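See structure below.
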Amino acid sequence: QVQLVESGGGLVQAGGPLRLSCAASGRTFSSYAMGWFRQAPGKEREFVAAISRDGANTPYADSVKGRFTISRDNAKNTVYLQMNSLKPEDTAVYYCAANIVTSRREANYGSWGQGTQVTVSS
C-alpha cells in the first residue's frame, strides 16, 4: 500500500483560494488513481474529486465542479486540489486516497491520508 500525507489546509475567507497537496510514498505512485474526499462535522464523508493514473480522467462532485481542480505530478508523487471561490459549506476535513482505478466510491479506496482541516469563514 501507498502512504499518503495531506497538507495545505487552513482558515480562509469565503471567496478565497486554497491549494491542498497530498504526498505519496513509494515508487509506484503513477500506478494509482487518486481521490479527494471530505467530511464535515456531523456528516458522512463524501466524494470531492478523482484523477486517473495518467491525469486524463477527472470526475468531480457537482458541488465543487467549476470551482475545484484536481491535478497530479507523478514525478513528485503528489496530487493537488486547487480550491477556488470557497464557500462556508466547503468547511471539512479533506482526505486524499489511493485506488487502482478512478472511482467516486469511498469503499474502493484502500489507502488514506490522515486528513487536513479546511475552514471557510463567512
Side-chain angles (χ1 to χ4, degrees):
Q1 287 190 345
V2 63
Q3 292 187 331
L4 305 171
V5 178
E6 302 96 336
S7 61
L11 175 64
V12 63
Q13 287 189 335
L18 203 61
R19 188 176 83 157
L20 305 183
S21 300
C22 173
S25 65
R27 293 177 289 180
T28 59
F29 176 73
S30 60
S31 65
Y32 290 94
M34 301 296 296
W36 284 98
F37 292 78
R38 68 186 182 186
Q39 186 168 23
K43 296 187 177 181
E44 295 186 349
R45 191 155 54 186
E46 65 176 3
F47 169 77
V48 175
I51 187 166
S52 58
R53 287 174 286 182
D54 63 358
N57 184 21
T58 55
Y60 293 91
D62 288 344
S63 60
V64 307
K65 198 173 297 181
R67 300 188 297 123
F68 291 10
T69 302
I70 189 171
S71 62
R72 66 188 297 159
D73 186 337
N74 286 341
K76 295 183 178 180
N77 284 9
T78 302
V79 62
Y80 304 97
L81 186 67
Q82 178 66 44
M83 305 185 293
N84 296 327
S85 302
L86 281 162
K87 304 175 181 179
E89 51 263 43
D90 294 318
T91 295
V93 177
Y94 283 71
Y95 300 88
C96 70
N99 189 28
I100 298 300
V101 296
T102 311
S103 175
R104 296 171 178 261
R105 296 184 66 227
E106 177 182 349
N108 288 346
Y109 287 81
S111 297
W112 292 82
Q114 82 289 349
T116 185
Q117 176 71 46
V118 172
T119 303
V120 184
S121 63
S122 57

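The structure presented is a predicted model; accordingly, all values stated were derived computationally and were not measured.
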To the nearest 0.5 Å, tell me how far Leu18 CG sits from Thr116 OG1. 8.0 Å
With rounding to the nearest 0.5 Å, note down the distance linking CG in Leu86 to OG in Ser121. 10.0 Å
Any side-chain heavy atom of Gln82 within less than 4.5 Å of one from Pro17? yes
Decide side chain to side chain donor-acceptor pair (under 3.5 Å) for Ser30 and Asn74; before the verdict, give the C-alpha distance in whole Å, the side-chain angles of both, and the deciding distance to 0.1 Å. CA-CA 6 Å; Ser30 60; Asn74 286 341; 5.0 Å; no
When you compare the side chain of Gln3 with that of Ser111, does any pair of heavy atoms fall below 4.5 Å? no
Within the structure provided, determine whether Arg104 and Phe37 are in side-chain contact (heavy-atom separation under 4.5 Å). no
For the student: nearest non-hydrogen atoms of Val48 and Phe68, plus distance: CG1-CD2, 3.8 Å
Are Val12 and Met83 linked, directly or through other ILVMFWY residues, by side chains that come within less than 4.5 angstrom of each other? yes
Quick check with a 6.0 Å cut-off and a 45 degree axis cone: is Arg72 positioned over the face of Tyr80's six-membered ring? no
Between Gln117 and Val93, the two heavy atoms sitting closest are OE1-CG2, 3.2 Å
Criterion salt bridge (Lys or Arg N to Asp or Glu O under 4.0 Å) against Arg38, the qualifying member of Glu6, Glu46, Glu89, Glu44: Glu46
Taking every non-hydrogen atom, the tightest pair across Asp73 and Phe29: O-CE2, 4.1 Å
Are the side chain of Tyr109 and the backbone of Cys96 linked by a donor-acceptor contact shorter than 3.5 Å? no
State, with a plain yes or no, whether a side-chain heavy atom of Trp36 is found less than 4.5 Å away from one of Cys22. yes
Quiz question: by atom type and distance under 3.5 Å, do the side chains of Asn57 and Ser52 form a donor-acceptor pair? no
Is there a side-chain contact between Phe47 and Glu106 (heavy atoms, below 4.5 Å)? no
For a 4.5 angstrom cut-off between non-hydrogen side-chain atoms, does Ile51 reach Thr102? no
Shortest non-hydrogen pair, Ser103 vs Asn108, comes out as OG-ND2, 2.8 Å
Under a 4.5 Å side-chain heavy-atom rule over Ile, Leu, Val, Met, Phe, Trp and Tyr, are Tyr95 and Val2 clustered together? no
Give me the atom names and distance for the closest heavy-atom approach of Gly9 to Leu20. N-CD2, 3.6 Å
Check whether any side-chain heavy atom of Arg19 sits under 4.5 Å from a side-chain heavy atom of Leu81, and report yes or no. no
Trace of the salt bridge (Lys or Arg N to Asp or Glu O under 4.0 Å) decision for Lys65 with Asp62: CA-CA 5 Å; Lys65 198 173 297 181; Asp62 288 344; 3.3 Å; yes
Take atom CZ in Arg53; do more than 12 heavy atoms of anything else shown fall under 6.0 Å from it? no
Minimal non-hydrogen separation, Ala49 against Tyr60, with atom names: CB-CD2, 3.6 Å
Passes side-chain contact (heavy atoms from CB on, under 4.5 Å), Arg67 versus Asp90? Steps please. CA-CA 11 Å; Arg67 300 188 297 123; Asp90 294 318; 2.8 Å; yes
Thr91 side chain to Val120 main-chain N or O, any donor-acceptor pair under 3.5 Å? yes
Do Val79 and Val5 belong to the same hydrophobic cluster, where Ile, Leu, Val, Met, Phe, Trp and Tyr are linked whenever their side-chain heavy atoms lie under 4.5 Å apart, directly or via other members? no
